[in-house]
Number of protein chains: 2
Amino acid sequence: MKTKCCDTHISEEEAQNLLSENGISRTKIKTSILLLLSKSKKPLSASEIYQKIGPKNCDISSIWRTLKKFHEKGITRELNLGEDFFRYELKDSHDEQDHHHHHVRCRDCGDIKQLEECDLSAFDKMFSKLGFKKMEHYLEFTGICSKCS
Amino acid sequence: MKTKCCDTHISEEEAQNLLSENGISRTKIKTSILLLLSKSKKPLSASEIYQKIGPKNCDISSIWRTLKKFHEKGITRELNLGEDFFRYELKDSHDEQDHHHHHVRCRDCGDIKQLEECDLSAFDKMFSKLGFKKMEHYLEFTGICSKCS
DNA sequence: GATAAATTGCAATTGACTTGCAAAAAAATA
DNA sequence: TATTTTTTTGCAAGTCAATTGCAATTTATC
C-alpha cells in the first residue's frame, strides 16, 4: 500500500491495513493517528495530535507509545525542526530509498512548509518563490562509525 | 581576537578579553566555559560542561544562563545533532559570514566528528575516508516567511 | 467463546531547560 | 581605595517533553 507523507488522505481501511502489514494492533488510537498524519499539511507534534484527538478520548502517553512504535517500524519519520520537541510525518511506504524531503519553518510565526525538491542549489529559488527570507539551514549527518560497524 | 570553534586552546587571558569585548562580566564560570569549549574536539552539552567544571564548583543553572548569553551575543552556536539536547561550540569570531561547518554523529556510540568541507557532493567521499557508513542526513531550513517580514 | 498477548489510562518519574529570589561578586563611580 | 550600582551566582521550585510501572481493558489467537 502506498502512502504519502503529508496532505494525502488515507481511508480508515487503508490505515488499518497499514497497521496489520506492520504487525501492529488495529486500535482506535493508532488508526486515528495515522489518519491525522496523512491529512496534515505539515508534520505534527505529539501534543498537536493529542489536541486533535481530544484529551478526553485518549492519554498523551498512549500517543507517545504509538509514535515510538511507528518510528521503530519505520512507518513514520521523526523530525526536529529546530523547535524543542519532535514532529512526526508518514513515510512513503513504497519508497525503499526513503526519499525524505525537507521543510522550511518561519522563525517568527512557526509556519512550516514542505519543500518538493532536494537539490541544495535549487533551494534558493524556491525560498524566494515561497516568500521566505533570511534563510538559515541546519544540516547534520549521522551514520555508523568504523568502531561500531 | 580570533577564535576557532573546536580544538583550539585559548588562554585564560584571551577568554577574558573575549568576554570584555562582548560586554560580559569576566567571571570564573564564564571563563571556564569558554576554555572548555575552545579545548573540546566536539560541541559540548550543558551537562557535559557541568560535569567537567565539577558539580561542586557551580550550579547547572549558571551554566544555562551563561550559554544563553553567549548565544545571544553570537559568541557560540547552538547545535541540535539529533539528540534530545543542544550542544554548543564557539563561533569563529572573525568570520563575519558565519561559515558554520557540519558534524557527523555515530548513531551507535554517539561519537561526533567535525566536517571541514561544506559541499554536499563532497561529503560522500569524506564519509568513507572517515569510515562512516549508513549515512543519514538531517537538513532543515528556517527563515522569515512573507507574512512575517 | 476462552485464553494469551498487546494496549490503554492513570499516576509518578526523568531530564532538559527556566525562573524568582536573596546572597555574593564584579563593574562603575567618586 | 572605598562606596554604590549592576550583574552574577546558588538554591529551590517549576515547566514541559518524553518515559515507565501497573492494573484494567481491548485486541489477537486458538
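It should be emphasised that the depicted structure is a prediction, and the values quoted were computed from it without experimental measurement. Note that these values count all heavy atoms, side chains included, but never hydrogens, waters or copies made by symmetry. Every chain is numbered from 1 and lettered A, B, ... according to where its sequence line falls, protein lines coming before strand lines.
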Please give, in whole Å, the distance from [N] [atom2] to [X] [atom1]?
| X | N | atom1 | atom2 | answer |
| --- | --- | --- | --- | --- |
| R26(A) | dT27(D) | CZ | P | 11 Å |
| L67(A) | dA17(D) | CG | P | 13 Å |
| D84(B) | dA18(D) | CG | C1' | 8 Å |
| K73(A) | dA6(C) | NZ | C1' | 12 Å |

Salt bridge or not for E78(A) and K68(A), using N-O below 4.0 Å? no
Carboxylate-amine/guanidinium proximity below 4.0 Å for E89(B) and K42(B): no
Bend angle of the helix from dG1(C)-dC30(D) to dA30(C)-dT1(D), from helix axes over five pairs at each end, nearest 10°: 40°
Heavy-atom distance under 4.5 Å between the side chains of S45(A) and F85(A), does that happen here? yes
Determine, stepwise, if the pair T31(A) / R26(A) fulfils side chain to side chain donor-acceptor pair (under 3.5 Å). CA-CA 7 Å; T31(A) 308; R26(A) 303 158 62 132; over 6 Å; no
For dT19(C), take OP1 and OP2 only and decide whether either is under 4.0 Å from a side-chain N or O of K68(B).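 For K68(B), the contact criterion (side-chain N or O under 4.0 Å from OP1 or OP2 of dT19(C)) is met.
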Step through the shown structure and confirm whether more than 12 heavy atoms of other residues, nucleotides or ligands are within 6.0 Å of CD on E12(B). no
Going 5' to 3' through nucleotides 7-12 of chain C, assign each nucleotide B (protein heavy atom under 4.0 Å from a base atom), S (under 4.0 Å only from sugar-phosphate atoms) or - (no protein heavy atom that close). SBBB--
Could you tabulate the donor-acceptor pairs under 3.5 Å formed by side-chain atoms of residues 58-67 of chain B, not counting sequence neighbours?
from: D59(B); atom 1: OD2; to: S61(B); atom 2: N; distance (Å): 2.9
from: D59(B); atom 1: OD2; to: S61(B); atom 2: OG; distance (Å): 2.7
from: S61(B); atom 1: OG; to: R65(B); atom 2: NH2; distance (Å): 3.3
from: T66(B); atom 1: OG1; to: S62(B); atom 2: O; distance (Å): 2.8

